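Note sheet for the following structure.
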2 protein chains.
Amino acid sequence: MAEKVTIATVARHARVSRQTVSNVLNAPHIVRQETRQRVEDAINALGYRANQAARQMRTGRSRLIAARIDPTRDGINGSVLDRFLHGLTETADAAGYRVLLYTATDDDREIATYGDLLGTYELDAFVLVGTKYGDPRTEWLADRDVPFVTFGRPWDALDAHPWVDVDGAAGTAQATRRLLDAGHRRIAFIGWPEGSGVGDDRRAGWRDALRAAGVDPTGLHRETEDGIAEGERLMRDLLLAVAPSAVVCASDSLALGALQAIRGIDPPVAVIGFDDTPVAAAVGLTSVSQPLGDAAARCVDLLTGVLDGDHETPTPVLLQPSLALRHTA
Amino acid sequence: MAEKVTIATVARHARVSRQTVSNVLNAPHIVRQETRQRVEDAINALGYRANQAARQMRTGRSRLIAARIDPTRDGINGSVLDRFLHGLTETADAAGYRVLLYTATDDDREIATYGDLLGTYELDAFVLVGTKYGDPRTEWLADRDVPFVTFGRPWDALDAHPWVDVDGAAGTAQATRRLLDAGHRRIAFIGWPEGSGVGDDRRAGWRDALRAAGVDPTGLHRETEDGIAEGERLMRDLLLAVAPSAVVCASDSLALGALQAIRGIDPPVAVIGFDDTPVAAAVGLTSVSQPLGDAAARCVDLLTGVLDGDHETPTPVLLQPSLALRHTA
DNA sequence: TCCAGAAACTTGAACGATCCAATCCTGCCT
DNA sequence: AGGCAGGATTGGATCGTTCAAGTTTCTGGA
């Protein structure tokens with residue numbers, strides 16, 4: 001069994017002091033070129049890696065970022081988180097950080113977990129996915145000056161914190177415009193009950209795009225909780241009430257339900273979903289696609305900005321979604 | 001800002017020495033009841049949490065488990081990993097461990113990452129998802145005595161290591177028997193090319209169930225890479241060649257393709273997929289469901305067994321899948 | 001040649017927990 | 001009352017790194 005290689009081993013091997021080795025690692029510019037080379041050679045020869053625990057003890061920083069992994073709720077939208085987490089892991093890695101997972105069943109437990117993670121692991125930052133009106137989690141973190149980013153806007157706009165989001169309104173607007181361009185006029189919308197930031201935003205995009213084209217959106221939209229059965233029910237309702245020739249949905253679940261409701265109708269009713277989930281790809285559903293890899297990368301950017309001493313509050317990032325065209329629209 | 005609460009703070013508050021506090025945490029039985037109570041009260045009052053970095057430095061153990069998060073490949077099977085990771089996080093948490101994510105694009109990089117994680121973070125163990133014939137990763141880890149568990153059998157059976165798996169053959173056999181019970185005789189199988197452990201296992205379950213019922217499986221199966229289009233192609237082929245009344249597939253992707261191929265056929269051809277992905281739930285596809293939460297929990301069980309000093313190699317775990325019945329079979 | 005000042009490098013201390021060995025109680029027996 | 005055994009408690013050393021302060025070496029101008 002090989003001896004443990006510490007900074008002292010490297011120092012001895014390169015005939016310098018421990019501190020010089022440390023400097024080569026953390027502040028290379030203050031070490032003379034020749035010495036630096038000698039130390040780097042020793043590091044490579046010995047396969048030395050800085051022990052994170054020891055470093056953390058002195059600096060108080062763990063180079064660990066926490067992210068929550070949810071129980072896949074209805075299953076369909078779960079893969080969004082999946083893809084986001086992968087992007088996060090990849091980008092964090094490149095920036096020298098690692099992602100630690102945690103779960104929680106409700107806000108209180110989640111906050112308790114924050115305390116635990118901060119106390120025992122001295123986590124550097126948190127990434128929160130999804131935000132709601134009056135989110136107690138962001139408040140707790142902000143009160144304690146814990147760096148964090150949310151993937152999702154702070155809908156309160158009470159106090160600003162760094163965030164990254166995808167412009168949902170732009171997505172539904174783009175979807176609506178595509179349908180308008182294809183000659184559709186009676187374009188309906190199936191969304192979530194008023195009051196959720198994300199849902200209202202997506203509905204607004206559809207409404208504004210219609211108005212801009214001189215179409216009155218009145219009566220053309222329906223609201224429900226998310227779900228396939230719900231989408232199917234509301235689509236049937238819309239068909240009877242206003243006979244739309246196309247529909248934009250706030251989620252792929254709803255869109256999938258809509259697809260089932262219109263089966264057999266000719267000419268086919270166009271359907272566009274939201275999130276570009278695997279299900280959409282599988283059934284050929286056109287859907288608004290979020291740039292999740294980019295979003296994750298920008299989250300890491302914002303965090304490293306804060307962690308590496310940028311004291312100014314970083315500018316929020318609003319990314320543009322794109323339309324994954326398939327055969328339903 | 002509150003002072004940092006260390007073991008010394010607690011000791012002062014409880015009027016004992018640091019060591020006594022440490023004993024209360026790590027070996028409670030050697031501390032007198034009354035003293036222990038006083039120390040525990042102090043811990044709660046002060047909100048003390050043992051600093052993991054300091055503990056790790058002395059003990060060499062990080063209470064961190066690494067798990068890989070893959071880029072969602074074809075998207076459909078991605079959520080399996082998602083659900084597994086969630087289960088892992090939950091169970092590990094309960095056992096006092098945390099899950100650290102990593103990614104890698106190929107085996108070599110993955111192994112390099114192992115070295116990095118072990119060197120800098122002193123990870124306690126790895127969980128590998130998916131194994132193949134002659135997996136270099138397990139060999140590397142075993143050579144270095146790094147504790148690890150695989151979710152997936154070692155198909156080589158060369159040297160044993162702890163593993164947890166779901167009995168794929170039992171799943172396809174169960175699916176096949178259900179179809180037999182419903183009166184089907186010409187039950188086809190669409191699977192993956194010979195040579196993958198998982199694929200061969202799933203095909204064997206179908207074949208053996210047919211034989212047990214006195215049906216000759218010859219000519220009733222087709223092989224291809226995974227994918228919806230591939231499944232559709234092979235199903236059309238099967239329809240022309242042997243006109244099956246039912247088909248069992250090695251994945252939901254293949255089953256989804258099969259579903260598209262049989263659209264409009266009456267009486268409908270029964271289809272059963274594998275993995276019970278969100279897509280299956282969405283389109284009403286009957287599918288073999290893996291107990292992913294259980295599997296994750298058993299992985300953690302095996303690991304904690306090894307980490308907490310059980311020197312005997314733990315027994316592998318083979319879990320039974322169940323059939324998620326929907327309207328395609 | 002000498003010296004100031006900067007640059008390069010070295011040394012001792014500290015982070016917070018655990019381990020080890022030595023000391024202090026406490027209760028019990030004679 | 002004195003002595004003893006055993007468990008409970010204590011102080012000091014330690015893990016590997018970085019910080020703060022100190023010392024040596026180098027550079028250039030008078």
Side-chain angles (χ1 to χ4, degrees), chain A residues 2-40 42-43 46-64 96 118-124 308-309, chain B residues 2-40 42-43 46-64 96 116 118-124 309:
Chain A
E3 295 291 307
K4 198 176 266 182
V5 179
T6 77
I7 213 169
T9 321
V10 176
R12 224 176 305 131
H13 195 271
R15 297 158 176 271
V16 293
S17 67
R18 296 174 330 240
Q19 183 61 26
T20 300
V21 178
S22 175
N23 285 336
V24 168
L25 295 171
N26 302 307
H29 59 278
I30 68 167
V31 180
R32 194 166 34 141
Q33 160 66 27
E34 181 201 320
T35 314
R36 186 166 62 211
Q37 189 59 53
R38 208 170 58 221
V39 170
E40 280 168 355
I43 287 176
L46 297 167
Y48 165 79
R49 294 171 203 263
N51 180 307
Q52 178 55 32
R55 167 176 290 173
Q56 175 181 346
M57 201 146 127
R58 199 74 184 94
T59 62
R61 295 187 40 185
S62 61
R63 302 201 77 86
L64 245 38
L118 287 170
T120 64
Y121 287 90
E122 299 184 284
L123 273 126
D124 286 347
D308 298 348
Chain B
E3 295 291 307
K4 198 173 266 182
V5 180
T6 77
I7 211 170
T9 322
V10 176
R12 222 177 306 130
H13 195 272
R15 296 156 177 272
V16 293
S17 68
R18 289 162 313 168
Q19 179 65 13
T20 301
V21 179
S22 176
N23 284 336
V24 169
L25 295 171
N26 303 306
H29 58 280
I30 68 167
V31 180
R32 193 170 32 154
Q33 160 66 25
E34 181 200 320
T35 313
R36 185 166 64 211
Q37 188 60 50
R38 208 170 58 215
V39 171
E40 280 168 354
I43 287 176
L46 297 168
Y48 165 78
R49 295 170 201 265
N51 181 309
Q52 177 56 32
R55 167 177 290 173
Q56 175 181 347
M57 204 148 131
R58 197 78 182 90
T59 63
R61 294 187 40 185
S62 61
R63 302 201 76 84
L64 244 38
D116 190 37
L118 288 170
T120 64
Y121 288 89
E122 298 184 285
L123 275 132
D124 286 348

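Protein chains get the first letters and strands the later ones, always in sequence-line order, with residue 1 at the start of each. Remember, it's a predicted structure, so these values are computed and weren't measured experimentally.
Considering only side-chain N and O atoms, Ser17(A) lies nowhere under 4.0 angstrom from the phosphate OP1 or OP2 of dT11(C). Within the structure, every side-chain polar atom (N or O) of Ser22(A) is placed at least 4.0 Å from both OP1 and OP2 of dT17(D). Residue Tyr121(B) places no side-chain N or O under 4.0 Å from the OP1 or OP2 atom of dG16(D).
Under the 3.5 Å distance criterion, the side-chain polar atoms of Arg38(A) are matched with a main-chain donor or acceptor of Ala14(A). At distances below 3.5 Å, not a single donor-acceptor pair connects side-chain atoms of Ser22(A) with backbone N or O atoms of Arg18(A). The closest donor-acceptor contact from the side chain of Glu122(B) to the backbone of Leu64(B) lies at 3.5 Å or more, if one exists at all. No donor-acceptor pair under 3.5 Å is formed between the side chain of Gln56(A) and the backbone N or O of Arg63(A).
Across dC9(C), dT17(D), dT9(D), the shortest atom-to-atom separation from the side chain of Thr20(A) is found for dC9(C). The Asn23(B) side chain lies nearest to dT9(D) when the options are dA17(C), dT9(D), dG16(D). Taking every side-chain heavy atom of Arg18(B) into account, dT18(C) is the closest of dT9(D), dT18(C), dG16(D). For Asn51(A), whose side chain is taken as the heavy atoms from C-beta onward, the closest listed nucleotide among dG16(C), dT17(D), dT9(D) is dT17(D). Checked against dC15(D), dT18(C), dT17(D), the side chain of Met57(B) finds its nearest nucleotide in dC15(D).
What separates CD of Gln52(B) from P of dC15(D) is a distance of 19 Å, to the nearest Å. Ile30(A) has its CD1 atom 12 Å from the C1' atom of dC19(D), to the nearest Å. dA17(C) atom C1' lies 11 Å from atom CD of Gln56(B), rounded to whole Å. Gln33(A) places its CD atom 14 Å from the C1' atom of dA8(C), with the value rounded to the nearest Å. Taking atom CD on Glu122(A) and atom C1' on dT17(D), their separation rounds to 14 Å, with Å as the unit. Nucleotide dT17(D) holds its P atom 18 Å from the CZ atom of Arg61(A), rounded to whole Å. When rounded to the nearest whole Å, the span between CG of Asn26(A) and P of dG16(D) equals 17 Å.
In this structure, Arg61(B) places its CZ atom where more than 12 heavy-atom neighbours from other residues, nucleotides or ligands lie under 6.0 Å away.
For dT18(C), its base sits under 3.5 Å from the side chain of Arg58(B) at one donor and acceptor pair at least. With hydrogens and angles ignored, a donor-acceptor pair closer than 3.5 Å exists between the side chain of Gln19(A) and the base of dC19(D).
Here Ala53(B) lies out of heavy-atom contact (under 4.0 Å) with every strand. Thr59(A) comes within 4.0 angstrom of sugar-phosphate atoms only, judged by non-hydrogen atoms across all strands, and of no base.
For the pair Tyr48(B) and Arg32(B), both in contact range of DNA chain C, the more 5′-proximal nearest nucleotide belongs to Tyr48(B). A residue-by-residue look at Ala54(B) and Val31(B) shows that Val31(B) has its nearest nucleotide of DNA chain D further toward the 5' end.
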